[in-house]
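Please read the structure below before turning to the comments.
Within every chain, numbering begins at 1; the chains are lettered A, B, ... in the order of the sequence lines, protein sequences first and strands thereafter.
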2 protein chains.
Amino acid sequence: MDNKIITIKEIASRLNISPSTVSRALHDHKSIGLRTRTNVQKLAKELNYEPNQTAIFFQQRKTFTIGVLLPELSEAFFSSAISGIEDCASKNKYTVLMGQSHDDAEREKQLVETMKSHRVDGLIVSIAKNTITYEHFEALSKYDIPVVFFDRIPNMANIHYVACNMASGTTQAFNFLRKLGHKSIGMINGPMNLLASKERVEGYRNALTKARLKYDPSLIMSCDLSTESIYRVTEKLLSLKNKPTAIIAFNDYVLLDAVQAAKNLKLKINKDISFVSYANLPISNYSAYPPLASVEQFSYQQGQKAMEIMLDLLSKNKTENENHTFYKIILEPQLVIHTDL
Amino acid sequence: MDNKIITIKEIASRLNISPSTVSRALHDHKSIGLRTRTNVQKLAKELNYEPNQTAIFFQQRKTFTIGVLLPELSEAFFSSAISGIEDCASKNKYTVLMGQSHDDAEREKQLVETMKSHRVDGLIVSIAKNTITYEHFEALSKYDIPVVFFDRIPNMANIHYVACNMASGTTQAFNFLRKLGHKSIGMINGPMNLLASKERVEGYRNALTKARLKYDPSLIMSCDLSTESIYRVTEKLLSLKNKPTAIIAFNDYVLLDAVQAAKNLKLKINKDISFVSYANLPISNYSAYPPLASVEQFSYQQGQKAMEIMLDLLSKNKTENENHTFYKIILEPQLVIHTDL
DNA sequence: AAACATCAGGCAAACGTTTGTGTGATCTGT
DNA sequence: ACAGATCACACAAACGTTTGCCTGATGTTT
């Protein structure tokens, strides 16, 4: 058995040349003669030589690995996003180290540590819904580990991110419902530490202003995205004097619970109360009560774009990145209408 | 700025001791005196020393990383399984390198290469549906990289795996439908290179035998899990002379398409034709036409168990693993009934 | 007090690769 | 034919950590 692991040294000694020559030969370095170069490459192939990546990582201070931190893979939005990241990464010889925060800020912090200690070259993050301090991300800049956020963006200055323009998406949703004749439109919003939640409010108010309508703050309610809180705010919305005939739900998952809450109140879906939602996940296609429309957020593209930004950041050297310009990529969402009305 | 990276050497020179002493002190090696030990640890903390993992990986020939290869994260079954893997891994200081084959055998092969070159300590795999050659997995044994399969098990001898007993699950499903009065029960099966497909047939036939019924092979049809092929076999099943009144679908995703196909034929779901399925994914809860029952496959537990096996394999040394005993963990599935009938 | 055990720590090699520098040998132009 | 350029390769250091072996200083036993 030639079980022995083949190294550059081994090849060198068999060919009676120095390891450095072998290394250069394998990299087609011009200073190596054609003769020895082909000799080396031939023998390497014969012996089935495979470079020891751990040695290379160590030597080059680079791992060609990027960490991806996200709340929940079981949410189709994120599993689709990570596909975008992974596809783009593998095309560029990068590998993905994955971690789920399960929407727990503490676990997120810990995962950042793990990623850092594994020496990822960069980090792509969608933050947990209850993350409110950001030191663990800020610390990474000291290690020159670039961070790109997507979708769930923290409230920080000077960060790279890619997100969807939720303001515009919300305006689209609002106008769509207005056109269907709805006068009073409620909104189940997410936690206000998320940029996306603020933008939803912004889009809602923009639409109101354009339509010269006055703003009723009680029609917008924040929840923490848990089933209980969704039930609570849905019930609250539906017991208002100015009771909405349509509700914009934070996303397709929130929608599912909101629908259930409305049904518990003996309301007829799409008659007494209609829904519009965000994300446009596949479940909508099979759902018993799909939303009238859904704001497509292009998760795959968001992931892909985030990875592209990461690659760009990694290709620049440290000083180039010091010039403090930050990527802020805003994708335009698109309202997908599910009904024939 | 003390931007300088803190290494063991640095600590050593500041304390005028040797690097080896520092290393041992940090590891609480007994041969280091209490004085210097605390000195070292104090200074290390002060300087915020962090071991260079890439150096350690290199030196120890171990990366504390395990690769996970699966078909599609967007399928809830797999995203749940990887959660089980990840949770178990991170509890044991392991990290997960993720790759999706997108059910493409070629890509799978390539990912195995990537994983290998990244020197993962082990690999957990659920194979692509069209994977029929296994050299890429067999090759790993030469590198002493243990492989644990789960759910989608290849047709290989001498492998470690964890799976659900699909035969028993199918028998349960079959008997459940019989009890509801169904006489002719069809099955939409998966590709026959999957062990799970064979087991479904086995369970189906076992149930028949027990009930002293005779076997009509035309009632079991394989598909390649694509939407088109699901439509095709569903239509075929429903145009049989011995037309089934109930169908066992390969999984909850197959079910969605099968239901659609049946509706296209103007059949009333749960009246003209009923369905039972596998996996028991959350979508069933929100679906317009949920199955009457679903065979829960405990994906999270499968992932977890696979990781536990992996940890065990990694804890043993090479020769211990040479004794050729292979883990075959079979979880008992459970029929979850969704209807009140 | 001699013999020996234990303690506390240093030395140096090793893991596999890359890369700056050095050096003979061949080649070019005049 | 000779200075200089170019070629083809070797040498050695470096990346940060771990670990087997060695040694000088205490401590213990008789």
Test side chain to side chain donor-acceptor pair (under 3.5 Å) applied to [X] - qualifying residues, sequence neighbours left out:
| X | result |
| --- | --- |
| B/E10 | B/K4, B/R14 |
| A/D28 | A/Q41 |
| A/S20 | A/S18 |
| B/S126 | none |

Near DNA chain D, which residues from residues 31-48 of chain B have a heavy atom under 4.0 Å away?
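Per residue number, the list is empty: none.
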Tell me, please, which residues at least two apart from [X] pass salt bridge (charged side-chain N to carboxylate O under 4.0 Å, His left out).
| X | result |
| --- | --- |
| B/D87 | A/R107 |
| B/K116 | A/E50, B/E113 |
| A/E108 | none |

Would you be so kind as to tabulate the donor-acceptor pairs closer than 3.5 Å made by side chains of residues 66-75 of chain A, with sequence neighbours excluded?
from, atom 1, to, atom 2, distance (Å)
A/E72, OE1, A/S74, OG, 3.1
A/E72, OE2, A/H102, ND1, 2.5

Separation of atom [atom1] in [X] from atom [atom2] in [N], rounded to whole Å:
| X | N | atom1 | atom2 | value |
| --- | --- | --- | --- | --- |
| A/K62 | C/dT18 | NZ | C1' | 15 Å |
| B/H29 | C/dT6 | NE2 | C1' | 14 Å |
| A/F57 | C/dT18 | CZ | P | 12 Å |

Across nucleotides 16-27 of chain D, 5' to 3', mark each nucleotide with B, S or - according to how protein heavy atoms within less than 4.0 Å reach it.
BBBBBB------
Within a reach of under 6.0 Å around NZ of B/K62, are more than 12 heavy atoms found that belong to other residues, nucleotides or ligands?
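Result for NZ/B/K62: enclosed.
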Restricting to ring-ring contact (aromatic ring centres under 6.0 Å, His included), what partner residues turn up for B/Y49, sequence neighbours left out?
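Partners of B/Y49 under the ring-ring contact (aromatic ring centres under 6.0 Å, His included) test: none.
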Would you mind reading off the bend of the helix from C/dA1-D/dT30 to C/dT30-D/dA1 from its two end axes, five pairs each, to 10 degrees?
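Comparing the first five pairs with the last five, the axes sit 40° apart.
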